[in-house]
Amino acid sequence: MTDLSAFPITQRWPANDPDVIQLYSYPTPNGVKVSIALEEMGLPYEPHLVTLSDSDVKSPEFLSLNPNNKIPAIIDPNGPGGPLGIFESGAILLYLAEKSGKFFGANAADKAHVTQWLMFQMGGLGPMLGQMGFFYKFAGKDIDDPRPRERYRDEAIRLLAVVDKQLAGRDWIAGDYSIADMAIAPWLNALEFYGTKDAVGYNDLKNAPAYVERFFARPAVEKAKRIPDPS
């Protein structure tokens, strides 16, 4: 049995099976990226529910694994050189794809293509849709100045157009189904949660809506979209 005592997070969220990947997460778009990847790749794992409250993500135990106090994070007991902790959802996806040898393409060119679309989500699509959600659904909606709301709405529209154009004539964002899709599709789906589909003209897009439906019809995605279970 693997000894994970060097990771303080296991004191608050104990591992029942320390020989499998430990997932510390919550089912947000960033969180489900990793549960989807683990399910799709068939890697054994144990999920731990870490809520978005300060009492969880800013606890000393969670900060010991992710000093940026954001979900998700993992511990791989079978990492290179021994147990390995990783944070940042994009970094975790890259690590798991390399570990499993799945959903990352067959050669260096494929990997570069997948990586660029993963970075597009990490650096653009996710942050901008998240900010738009803040100004439409959360505390930002009470701000009288319309400029922040308009700024993020317009950038969301631009980024969605990039996605829609890329999907023309293809089922998946970077060729074959990949970790880029596991990153992008959950964020597109978040438009429903934020109540911003009409604001960005989502239903007028030619390719993205069918892409999201195709993604969530996958059995592994259907299973993973509420892992860890928040109820």
Side-chain angles (χ1 to χ4, degrees), residues 23-37 48-59 62-63 65-73 87-93 117-167 173 179-205 208-209 211-213 215-216 221 224-231:
L23 169 64
Y24 307 91
S25 190
Y26 192 84
T28 64
N30 281 337
V32 298
K33 292 177 193 175
V34 178
S35 56
I36 289 169
H48 303 274
L49 182 67
V50 179
T51 72
L52 305 183
S53 67
D54 285 355
S55 62
D56 273 0
V57 294
K58 291 185 179 180
S59 66
F62 188 78
L63 291 172
L65 185 57
N66 184 359
N68 194 36
N69 66 270
K70 303 291 182 183
I71 59 93
F87 66 91
E88 283 294 331
S89 58
I92 296 170
L93 288 181
W117 283 103
L118 174 62
M119 295 302 109
F120 165 83
Q121 184 279 304
M122 296 293 296
L125 189 67
M128 293 300 104
L129 294 190
Q131 291 291 346
M132 181 181 63
F134 174 80
F135 284 102
Y136 272 82
K137 181 167 183 170
F138 298 110
K141 73 181 187 320
D142 299 322
I143 296 174
D144 291 333
D145 188 342
R147 287 173 294 180
R149 189 160 39 252
E150 292 169 356
R151 149 74 174 147
Y152 290 113
R153 179 202 64 203
D154 292 348
E155 184 63 0
I157 290 171
R158 186 189 74 80
L159 291 167
L160 288 170
V162 173
V163 171
D164 207 54
K165 182 178 180 180
Q166 176 64 15
L167 287 168
I173 200 77
I179 55 173
D181 300 295
M182 300 174 201
I184 289 172
W187 272 104
L188 298 184
N189 194 54
L191 294 171
E192 179 74 31
F193 173 72
Y194 292 141
T196 54
K197 281 187 171 181
D198 289 342
V200 299
Y202 177 80
N203 291 320
D204 295 328
L205 296 172
Y211 165 72
V212 173
E213 289 183 11
F215 178 80
F216 280 93
V221 176
K225 68 183 182 182
R226 285 181 63 83
I227 296 178
D229 187 348
S231 60

Shortest non-hydrogen contact from Y194 to G130? OH-CA, 3.8 Å

Residue set satisfying salt bridge (charged side-chain N to carboxylate O under 4.0 Å, His left out) with D142, at least two apart, ordered chain then number -> none

Taking all heavy atoms of T196 and all of M132, pick out the closest pair and write down the distance. OG1-CE, 3.4 Å

Could you check if a side-chain atom of V50 sits within less than 4.5 angstrom of a side-chain atom of Y26, using non-hydrogen atoms only? no

Starting at NZ of K33, measure out to CG of L118 and round the result to the nearest 0.5 Å. 7.0 Å

Report yes if some heavy atom in the side chain of P67 is under 4.5 Å from a heavy atom in the side chain of F87; otherwise report no. yes

With sequence neighbours excluded, residues passing ring pair (Phe, Tyr, Trp, His ring centres under 6.0 Å) with F120: W117

For N189, give me all partners under side chain to side chain contact (heavy atoms under 4.5 Å, CB included), at least two apart in sequence or on another chain. V212, F216

Applying salt bridge (charged side-chain N to carboxylate O under 4.0 Å, His left out), name anything that partners K197, two or more places apart in sequence or on another chain. E192

List for me each residue that meets side chain to side chain contact (heavy atoms under 4.5 Å, CB included) alongside P209, sequence neighbours excluded, and say none if there are none. Y202, L205

List in chain and number order the residues that pass salt bridge (charged side-chain N to carboxylate O under 4.0 Å, His left out) with K165, two or more places apart in sequence or in another chain; answer none if no residue qualifies. none

Restricting to side chain to side chain contact (heavy atoms under 4.5 Å, CB included), what partner residues turn up for E88, sequence neighbours left out? N68, A91, M122

Scanning both residues in full, the closest heavy-atom pair of P27 with L49 reads CD-CD1, 4.4 Å

For G31 and S25 the tightest heavy-atom approach is CA-OG, 3.3 Å

With sequence neighbours excluded, residues passing salt bridge (charged side-chain N to carboxylate O under 4.0 Å, His left out) with D56: R12

Anything under 3.5 Å between a donor and an acceptor, one on a side chain of residues 146-156, the other on a protein residue two or more places apart or in another chain? List them.
unit_1: R147; atom_1: NE; unit_2: D145; atom_2: OD1; d: 3.0
unit_1: R147; atom_1: NE; unit_2: D145; atom_2: OD2; d: 3.2
unit_1: R147; atom_1: NH2; unit_2: D145; atom_2: OD2; d: 2.7
unit_1: R149; atom_1: NH1; unit_2: F135; atom_2: O; d: 3.4
unit_1: E155; atom_1: OE1; unit_2: R158; atom_2: NE; d: 3.0
unit_1: E155; atom_1: OE2; unit_2: R158; atom_2: NE; d: 3.3
unit_1: E155; atom_1: OE2; unit_2: R158; atom_2: NH2; d: 2.8

Write down the atom of V57, the atom of L52, and the distance for their closest heavy-atom approach. CG2-O, 3.8 Å

Might you point out which heavy atoms bring F62 and I71 nearest each other, and give the distance in Å? CZ-CG2, 4.0 Å

Could you grab the distance from atom OG of S59 to atom CG of L65, nearest 0.5 Å is fine? 10.5 Å

Does any N or O in the side chain of D54 come within less than 3.5 Å of the main-chain N or O of K58, such that one atom is a donor and the other an acceptor? no

Checking D164 side chain against A208 main chain: does a donor-acceptor pair fall under 3.5 Å? yes

Restricting to side chain to side chain contact (heavy atoms under 4.5 Å, CB included), what partner residues turn up for D229, sequence neighbours left out? R226, S231

Interatomic spacing from CG in L160 to CG in D204 - rounded to 0.5 Å: 11.5 Å

Acceptor/donor pairs from residues 181-188 side chains to any protein atom, 3.5 angstrom cut, sequence neighbours excluded:
unit_1: D181; atom_1: OD1; unit_2: I173; atom_2: N; d: 2.9
unit_1: D181; atom_1: OD1; unit_2: Y211; atom_2: OH; d: 2.7
unit_1: D181; atom_1: OD2; unit_2: S178; atom_2: N; d: 3.0
unit_1: W187; atom_1: NE1; unit_2: N30; atom_2: OD1; d: 3.0

Beyond-backbone contact of I227 with V32, side-chain heavy atoms, under 4.5 angstrom: no

State, yes or no, whether a side-chain contact exists between F215 and I36 at a heavy-atom distance under 4.5 Å. yes

Applied to residues 122-137, the side-chain hydrogen bond (donor to acceptor under 3.5 Å, both in side chains) test, sequence neighbours excluded, yields none

